[in-house]
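Notes follow the structure.
Both ligands and their constituent atoms are indexed starting at 1 by order of listing. Remember, predicted model here, so these are calculated numbers, not experimental data. Just the heavy atoms: all of them, side chains too, but no hydrogens, waters or symmetry mates, feed the values below.
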Amino acid sequence: MSESISITDNRTGQTVEIPIDNGGIDAKAWGSLLPGIWFTDPSFGATAGAVSSITDLDGGAGILRYRGYPIEQVAPSLSFLQVCYLLISGEIPTDQELAAFKAEISAEAPIHENFHKRILEGFRDDAHAMGVLISAIAALSTFFPEGKNIDDPEVRRTQMLRLIAKMPTLAASAYRKSIGAPYVQPDPELDYTSNFLTMMFCNPDGSYDVDPVLRDAMDLLFVLHADHEQNCSTTAARVVGSSHADPYVTVASAASALYGPRHGGANEAVLRMLEDIGSFDQVDDFIKSVKAGEGRLMGFGHRVYKNFDPRAVIVKETAHQVFEVTGKNPLLDIALKLEEVALADDYFVSRSLYPNVDFYSGLIYQSMGFPVEMFTVLFAIGRTPGWLTHWDEMLQQESRIARPRQIYTGPAARDVPGFTAG
Ligand code: CMC
């Protein structure tokens with residue numbers, strides 16, 4: 001049997017046979033048969049927007065692999081920086097490569113004092129940390145104009161490392177601004193995640209004891225968020241990057257897409273939902289209201305995973321390790337009961353709605369001392385290598401500017417009242 005699909009235009013009887021290549025068919029072949037007829041797929045549910053060799057995801061089987069390595073092996077074995085290296089270069093670094101990579105990241109981590117004074121100081125104290133982060137990432141474009149030279153692989157690599165390095169510094173600065181605490185620059189002696197926790201939570205004299213369990217949990221959460229193939233924010237990065245915009249504004253647009261509650265903003269929305277539910281006894285009524293269409297069960301459901309989200313399984317285990325140190329998050333019981341009720345309810349089962357990565361991550365973040373406004377910022381730090389690797393991959397391929405078509409349903413041509421030609 002030939003590995004192809006045939007499409008027939010029943011108006012003319014003309015047929016085109018399109019080979020199936022790696023599970024996809026080339027839409028250009030369809031277009032040559034039917035010029036002016038477009039696929040309608042506004043949410044890209046049936047469209048492969050990229051040919052990519054970074055992350056392999058099989059939603060039906062609950063499979064997630066970075067460069068071929070299963071997430072269940074990556075999560076307990078590799079640090080976030082090892083995963084960054086793996087995503088960018090395609091291979092796990094040797095000890096020597098990792099040491100050099102760490103040194104490059106450390107060197108790029110500080111942010112210019114002017115950035116604090118002129119950019120961050122411009123925000124209100126109650127500004128949402130994601131709004132601050134998105135603006136700050138975009139502002140980096142004006143500090144590093146050489147990033148516009150996107151055709152040079154070395155320049156691209158430098159900006160990628162720079163962004164991965166500066167994200168924790170920007171994130172911690174956004175937080176410290178919101179609480180009126182002095183800004184802290186990174187300490188080159190510390191590892192990536194200890195550095196971030198220290199910049200976030202250190203005392204005015206810079207002292208802070210990093211708890212190894214909490215640091216490892218934070219690092220693991222960064223690893224779990226590092227890439228997820230063509231999700232909404234990565235697609236935003238690819239679309240914006242296809243215009244040859246610089247990497248800073250490209251990543252700012254990806255972070256903007258992440259901010260929404262259907263995507264990375266869900267971790268904040270879950271926490272607010274658990275707080276609104278308030279007690280164990282209210283869970284049944286809340287589930288009834290979701291089934292009546294009055295709102296969504298945040299942290300549940302996924303466009304691609306239809307049996308389980310492998311990241312959610314690991315996050316749930318991690319939550320218990322964190323609570324051993326911090327004490328149990330009082331909202332945990334509500335979350336566990338919500339999960340139990342939803343997984344036994346036909347509404348959720350028939351729609352294949354399961355806990356996703358955001359269902360338990362917020363409970364961990366809260367127990368570690370992060371305010372809810374920082375939750376999506378944490379997701380953004382983790383996802384930065386994914387956005388950048390996709391951007392870099394796209395630029396290495398023969399890529400045209402993203403420019404979809406539309407099905408026009410507005411008024412037919414008509415004259416402006418009173419208009420006369422000439
Ligand atoms: N609670 C209740 N009903 C839901 C939910 C939910 N969380 N998610 C989907 N549904 C229902 C939806 O109402 C629809 O029902 P019906 O067929 O009766 O109209 C059906 O399930 C299919 O929903 P959909 O909106 O077509 O699904 P989607 O694939 O377009 O959306 C989603 C995926 C993640 C946006 C959605 O499940 C959702 O809004 N979940 C809550 C937000 C959330 O947790 N997002 C984080 C996603 S994982 C982290 C990340 O990578 O971003």
Asp285 atom CG, over 12 foreign heavy atoms within 6.0 Å: yes
Lys102 NZ: over 12 foreign heavy atoms closer than 6.0 Å: no
Evaluate the 4.0 Å heavy atom contact test for [atom]: does a protein atom fall under the cut-off?
atom: atom 34 (C) of ligand 1; answer: yes
atom: atom 26 (O) of ligand 1; answer: no
atom: atom 10 (N) of ligand 1; answer: yes
atom: atom 15 (O) of ligand 1; answer: yes

Heavy-atom gap Asp358 to ligand 1 smaller than 4.0 Å: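 Yes, Asp358 has heavy atoms under 4.0 Å from ligand 1.
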Proximity flag Gly295 to ligand 1, non-hydrogen atoms under 4.0 Å: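 The answer is no: ligand 1 sits nowhere under 4.0 Å from a heavy atom of Gly295.
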Charged N-O contact under 4.0 Å between Glu373 and Arg272: yes
Sidechain N-carboxylate O distance under 4.0 Å for Lys288, Glu294: no
Please report the closest heavy-atom contact between [X] and [Y], naming both atoms and the distance.
X: Tyr192; Y: Ile164; value: OH-O, 2.7 Å
X: His228; Y: His302; value: CE1-NE2, 3.6 Å
X: Leu33; Y: Asp9; value: CD2-N, 4.3 Å
X: Leu163; Y: Pro247; value: CD1-O, 3.9 Å
X: Val290; Y: Arg296; value: CG2-C, 4.1 Å

Part of Ser43 with heavy atoms under 4.0 Å of ligand 1, whether side chain, backbone, both or neither: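 No part of Ser43 comes within reach of ligand 1.
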Which atoms of ligand 1 sit under 4.0 Å from any heavy atom of [X]?
X: Leu353; value: 3 (N), 4 (C), 5 (C), 8 (N), 9 (C), 10 (N)
X: Leu297; value: 1 (N), 2 (C), 6 (C), 7 (N)
X: Val290; value: 2 (C)
X: Gly299; value: 43 (C), 44 (O)
X: Ala266; value: 43 (C), 44 (O), 45 (N), 46 (C)

Among Thr55, Thr235, Asp227, Thr250, side-chain hydrogen bond (donor to acceptor under 3.5 Å, both in side chains) partner for His390: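 The passing option is Asp227.
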Under 3.5 Å: N/O of Phe379 near N/O of ligand 1: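 Looking only at distances, the answer is no, because the N/O contact criterion of under 3.5 Å is not met.
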Short N or O distance, Tyr347 and ligand 1, threshold 3.5 Å exclusive: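 Yes.
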Plane angle bin for Tyr85 and Phe101 - parallel if under 30°, tilted between 30 and 60°, otherwise perpendicular: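 Ring orientation, 0 to 90° scale: perpendicular.
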Shortest protein heavy-atom distance from [atom], along with the residue and atom involved:
atom: atom 47 (C) of ligand 1; answer: Asn356 ND2, 3.5 Å
atom: atom 41 (C) of ligand 1; answer: Phe300 O, 3.4 Å
atom: atom 28 (P) of ligand 1; answer: Arg303 NE, 3.7 Å

Best match, Arg351, His228, Arg262, Arg383: closest heavy atom to atom 21 (O) of ligand 1: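 When every heavy atom of Arg351, His228, Arg262, Arg383 is considered, Arg351 comes closest to atom 21 (O) of ligand 1.
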Closest to atom 24 (P) of ligand 1 among His263, Met298, Arg296 (heavy-atom distance):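 When every heavy atom of His263, Met298, Arg296 is considered, Arg296 comes closest to atom 24 (P) of ligand 1.
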Arg351 to Tyr347 six-membered ring, cation-pi geometry met (6.0 Å, 45°): yes
